[in-house]
Amino acid sequence: MKTFELVGTPRSEYGKKAAKALRQQELIPCNLYGLGENITFTVAKADVRKLIFTPDTMAVALTIGDAKKMAVVKELQFHPLSDECLHIDFLEVNEKKPVTVEVPIQLTGHAEGVKAGGKLSLEMRKLKVNGIYTNIPDRVIVDVTNLGLGKKLFVSEVAVENCTIKSVKEAIVAQVKATRNSAAAAAEAEQA
């Protein structure tokens, strides 16, 4: 898991009015939960842009005043119309306690079903993975080379080294759907 450096400023005022005033100053209110006491702080919008808008899962090295903490992003809140980040919740992590995070899925390989005229469809973008944060990968790489026409790849068939997958085992990760051309070709092959 990659590490992202972030500096925050402790805050003492709470509530909607204080949060609105912070947002007008291009600051985002944040909370850090987890191992010790909860810490409330702010970060600059420009500082978190590369953390928020990345497909990878990252550990965050937070510096809040004099305190240094390791954390992962637990929840992001966005404005429904402008997509502006309104609030970030961080979860403190260490090498002893496992944590559950969502990790993006990346498909590799050229599926057999696509060669036969089908269309590859990614049904699940992220997997819930539980483990020590240093063992959690940036992305879950899934090879679809052996996926035939009309076949599905389930969560139960995916493995992540040194981690446990917490997503529903029967959920479909990817599948090769038949197109009109591939269905017609299959019907001709059966008649011949």
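Note: hydrogens, waters and symmetry copies are ignored here, and every other heavy atom, side chains too, is used. Along the sequence shown, the residues carry numbers beginning at 1.
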Indicate yes or no: at least one non-hydrogen side-chain atom of Phe4 is less than 4.5 angstrom from one of Thr54. no

Over all heavy atoms of both residues, which pair between Asp56 and Lys2 is shortest? Give the atoms and the distance, please. OD2-NZ, 2.9 Å

Would Leu86 and Val48 show up in the same hydrophobic cluster when neighbours are defined by side-chain heavy atoms closer than 4.5 Å? no

Dump the intermediate steps for side chain to side chain contact (heavy atoms under 4.5 Å, CB included) on Val176 and Lys151, then the final yes or no. CA-CA 6 Å; Val176 177; Lys151 301 296 180 188; 5.8 Å; no

Single-linkage hydrophobic cluster, 4.5 Å side-chain cutoff, Leu91 and Ile39 together: no

Shortest non-hydrogen contact between Val103 and Thr57, atoms and distance: CA-OG1, 3.5 Å

Counting only heavy atoms not in Glu161, do more than 12 sit closer than 6.0 Å to its CD atom? no

Using every non-hydrogen atom in the two residues, find where Leu51 and Met58 come nearest and quote the distance to one decimal. CD1-CB, 4.2 Å

Atom pair CG (Asn146) and CD (Glu157), whose distance is rounded to the nearest 0.5 Å: 11.0 Å

Could you give me the CA-CA distance, side-chain angles and deciding distance for Ile172 and Phe154, then say whether side chain to side chain contact (heavy atoms under 4.5 Å, CB included) is met? CA-CA 4 Å; Ile172 300 169; Phe154 295 94; 3.7 Å; yes

Between Lys45 and Glu84, does at least one N-O distance fall below 4.0 Å, as a salt bridge requires? yes

Side chain to side chain contact (heavy atoms under 4.5 Å, CB included) between Val129 and Thr164, worked out: CA-CA 6 Å; Val129 177; Thr164 307; over 6 Å; no

I'd like to know if the side chain of Thr179 reaches the main chain of Gly117, judged simply by a donor and an acceptor atom lying under 3.5 Å from each other, with no hydrogens or angles considered. yes

Whether over 12 other heavy atoms sit under 6.0 Å from Glu13 CD: no

When rounded to the nearest 0.5 Å, the distance separating CD of Glu92 from OH of Tyr133 is 10.5 Å

NZ-CZ distance between Lys74 and Phe90, expressed to the nearest 0.5 angstrom: 13.5 Å

Give the minimum heavy-atom separation between Glu112 and Gly148, together with the two atoms involved. CB-CA, 4.4 Å

Which atom names give the shortest non-hydrogen contact between Met124 and Ile105, and what distance separates them? O-CD1, 3.2 Å

Joint hydrophobic cluster, Val93 plus Val43, side-chain heavy atoms closer than 4.5 Å: no

Can you tell me how far CZ of Arg139 sits from CG of Leu127, rounded to the nearest 0.5 angstrom? 13.5 Å

Applying a strict under-4.5 Å side-chain criterion to I, L, V, M, F, W and Y, I'd like to know whether Ile136 and Val60 cluster together. no

Checking side-chain polar atoms at under 3.5 Å, does Tyr33 have a donor or acceptor matched by the opposite partner on Asn31? yes

State the CD-NZ distance between Glu5 and Lys68, to the nearest 0.5 angstrom. 7.5 Å

Do Leu120 and Leu122 pass the side chain to side chain contact (heavy atoms under 4.5 Å, CB included) test, and can you show the C-alpha distance, the side-chain angles, and the key distance before you say yes or no? CA-CA 7 Å; Leu120 181 64; Leu122 177 64; over 6 Å; no

Out of curiosity, Gln106 CD to Asp143 CG, how far, rounded to the nearest 0.5 Å? 11.5 Å

Verify the neighbour count for atom CZ of Arg49: are there more than 12 heavy atoms of other residues, nucleotides or ligands below 6.0 Å? no

Taking a hydrophobic cluster as the set of Ile, Leu, Val, Met, Phe, Trp and Tyr residues connected by side-chain heavy atoms closer than 4.5 Å, whether directly or through intermediates, do Ile88 and Leu22 fall within one such cluster? no

For the pair Glu123 and Lys177, evaluate salt bridge (Lys or Arg N to Asp or Glu O under 4.0 Å) and give the outcome as yes or no after the intermediate values. CA-CA 11 Å; Glu123 302 295 329; Lys177 296 179 180 177; 3.7 Å; yes

Contacts of type side-chain contact (heavy atoms from CB on, under 4.5 Å), residue Lys169, not counting sequence neighbours: Ser156, Ile165

Would you find a donor on one side and an acceptor on the other, under 3.5 Å apart, between the side chain of His87 and the backbone of Pro29? yes

Taking all atoms of both residues into account, what is the closest heavy-atom pair of Ala59 and Met70, and its distance? CB-CE, 3.7 Å

